[in-house]
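Here's the structure we're looking at; comments come further down.
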Amino acid sequence: MRVALFPGSFDPFHNGHLEIVESAARVFDQVVVAALANPQKGVPLFSLDERRQMLEESLQHLDTVRVETFSSLVVDLAREVGATVIVKGLRAVSDFENEMQMAQMNEQLSGIVTLFVPSHSAHSFVASKLLREVARLGGDVSPLVPKPVAARLEERFR
Ligand code: PNS
């Protein structure tokens with residue numbers, strides 16, 4: 001069985017992420033979507049548990065996808081869940097440098113390769129950081145996120 005791991009902060013999960021999961025689910029037998037507690041990114045908007053719930057609600061239409069949370073090295077989680085590939089989305093050239101560096105480090109640590117999936121142009125500007133800022137200041141981001149995420153954002157910033 002071919003298992004892929006799609007790791008991220010997902011604070012919050014958005015339609016650009018969803019598109020990558022749906023693409024990976026067409027290629028792999030199982031996709032594990034894993035949300036990380038990332039101290040480097042400061043205090044998150046949503047707790048890890050809230051992010052897990054939003055992921056589960058947003059991905060329930062995909063039978064072969066399951067959700068995890070983690071606070072370890074991504075390659076350790078990959079080994080734990082039996083993933084042979086890490087899947088990441090690329091929105092623009094600006095993503096490339098950091099993603100390439102992480103892919104090479106992960107390959108060095110474990111031999112696990114990273115597969116980059118280009119995002120659709122309609123999602124190339126969508127980033128969790130921007131969504132948080134726009135939602136916090138009262139803008140409508142509901143066209144850019146799955147319904148369960150839109151509901152949580154509405155509740156948080158109402
Ligand atoms: O959505 P993000 O914040 O860009 O995702 C970054 C993430 C979670 C994929 C990255 O920070 C990560 O893999 N963290 C886990 C810790 C780890 O393995 N670090 C070394 C990566 S080379």
Side-chain angles (χ1 to χ4, degrees), residues 2-25 27-28 30-59 62 65-136 141 143-146 148-150 152-153 156:
R2 292 167 312 161
V3 182
L5 174 64
F6 180 35
S9 301
F10 304 129
D11 187 33
F13 188 68
H14 54 64
N15 288 348
H17 295 133
L18 178 60
E19 176 206 342
I20 305 298
V21 182
E22 287 174 341
S23 298
V27 176
F28 294 96
Q30 189 177 68
V31 180
V32 179
V33 180
L36 170 83
N38 190 348
Q40 278 181 10
K41 288 206 170 175
V43 180
L45 174 59
F46 292 107
S47 71
L48 203 51
D49 199 45
E50 289 173 311
R51 282 179 270 156
R52 184 184 49 72
Q53 282 171 28
M54 284 186 276
L55 282 164
E56 281 171 353
E57 291 165 13
S58 305
L59 296 169
L62 297 168
V65 173
R66 69 184 171 91
V67 175
E68 294 277 347
T69 58
F70 73 115
S71 54
S72 61
L73 280 176
V74 72
V75 292
D76 287 342
L77 179 71
R79 283 198 201 96
E80 205 178 299
V81 302
T84 48
V85 167
I86 293 168
V87 170
K88 298 298 291 286
L90 280 184
R91 288 168 297 202
V93 179
S94 51
D95 281 343
F96 184 76
E97 201 175 332
N98 186 34
E99 290 296 343
M100 184 72 172
Q101 200 174 21
M102 286 196 283
Q104 288 170 332
M105 176 61 84
N106 287 331
E107 204 274 339
Q108 160 70 29
L109 290 172
S110 66
I112 296 172
V113 295
T114 297
L115 189 70
F116 292 123
V117 179
S119 75
H120 192 280
S121 57
H123 295 144
S124 61
F125 67 97
V126 183
S128 298
K129 186 178 170 193
L130 262 187
L131 293 175
R132 291 196 299 272
E133 181 177 319
V134 172
R136 183 174 282 123
V141 297
L144 304 173
V145 296
V149 177
R152 290 279 181 149
L153 285 168
R156 183 61 56 97

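Note that ligands are numbered from 1 as they come in the structure, with each ligand's atoms numbered from 1 the same way.
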Quiz item: What is the nearest protein non-hydrogen atom to atom 7 (C) of ligand 1, stated with its residue, atom name and distance?
Solution: L36 CD2, 4.4 Å
Quiz item: Which atoms from ligand 1 have a heavy atom of M105 less than 4.0 Å away?
Solution: 22 (S)
Quiz item: Do H120 and E19 meet the criterion of a side-chain donor-acceptor pair at a distance under 3.5 Å?
Solution: no
Exercise. Using distance alone, decide if ligand 1 has a nitrogen or oxygen within less than 3.5 Å of any nitrogen or oxygen in V74.
Key: yes
Quiz prompt | S128 side-chain N/O to P12 backbone N/O, donor-acceptor pair under 3.5 Å | solution = yes
Practice problem: Would you verify that at least one protein heavy atom lies under 4.0 Å from atom 17 (C) of ligand 1, or report that none does? | Solution: yes
Practice problem: May I ask you to identify the nearest protein heavy atom to atom 4 (O) of ligand 1, giving residue, atom name and distance to one decimal place in Å? | Solution: K41 NZ, 3.7 Å
Quiz prompt | Taking atom 9 (C) of ligand 1 as the reference point, the nearest protein heavy atom with its distance | solution = K88 NZ, 3.5 Å
Quiz item: Can you list the ligand 1 atoms lying under 4.0 Å from a non-hydrogen atom of S72?
Solution: 15 (C), 16 (C)
Exercise. Would you give the length of the straight line joining atom CG of L59 to atom NE2 of H17, rounded to the nearest 0.5 angstrom?
Key: 11.0 Å
Self-check item: Protein heavy-atom partner closest to atom 5 (O) of ligand 1 - residue, atom, separation in Å
Solution: G8 CA, 3.5 Å
Practice problem: If you have a sec, work out which protein heavy atom is nearest atom 21 (C) of ligand 1 and how many Å separate them, to one decimal? | Solution: N106 OD1, 3.8 Å
Quiz item: Which residue holds the protein heavy atom closest to atom 11 (O) of ligand 1, what is that atom called, and what is the gap in Å?
Solution: N38 ND2, 3.6 Å
Quiz item: Can you tell me which residue and heavy atom of the protein come closest to atom 20 (C) of ligand 1, and the distance to 0.1 Å?
Solution: L73 CD2, 4.1 Å
Exercise. State plainly whether the residues K129 and E133 are in salt-bridge range, i.e. N to O under 4.0 Å.
Key: no
Quiz prompt | From L62 atom CG to L18 atom CG, the distance as rounded to the nearest 0.5 Å | solution = 7.0 Å
Quiz item: Can you tell me how far the CD1 atom of I112 sits from the OG1 atom of T84, to the nearest 0.5 Å?
Solution: 8.0 Å
Quiz prompt | Spacing of M102 atom CE and E97 atom CD [to the nearest 0.5 Å] | solution = 11.5 Å
Quiz item: Any side-chain heavy atom of S119 within less than 4.5 Å of one from L90?
Solution: no
Quiz item: How close does the nearest protein non-hydrogen atom get to atom 1 (O) of ligand 1, and which residue and atom is it?
Solution: S9 N, 3.0 Å
Quiz item: What atoms in ligand 1 come closer than 4.0 Å to a heavy atom of M102?
Solution: 10 (C), 22 (S)
Quiz item: How many angstroms lie between OG in S9 and CZ in F46, if you round to the nearest 0.5 Å?
Solution: 13.5 Å
Practice problem: Could you tell me if any non-hydrogen atom of Q101 lies under 4.0 Å from any atom of ligand 1? | Solution: no
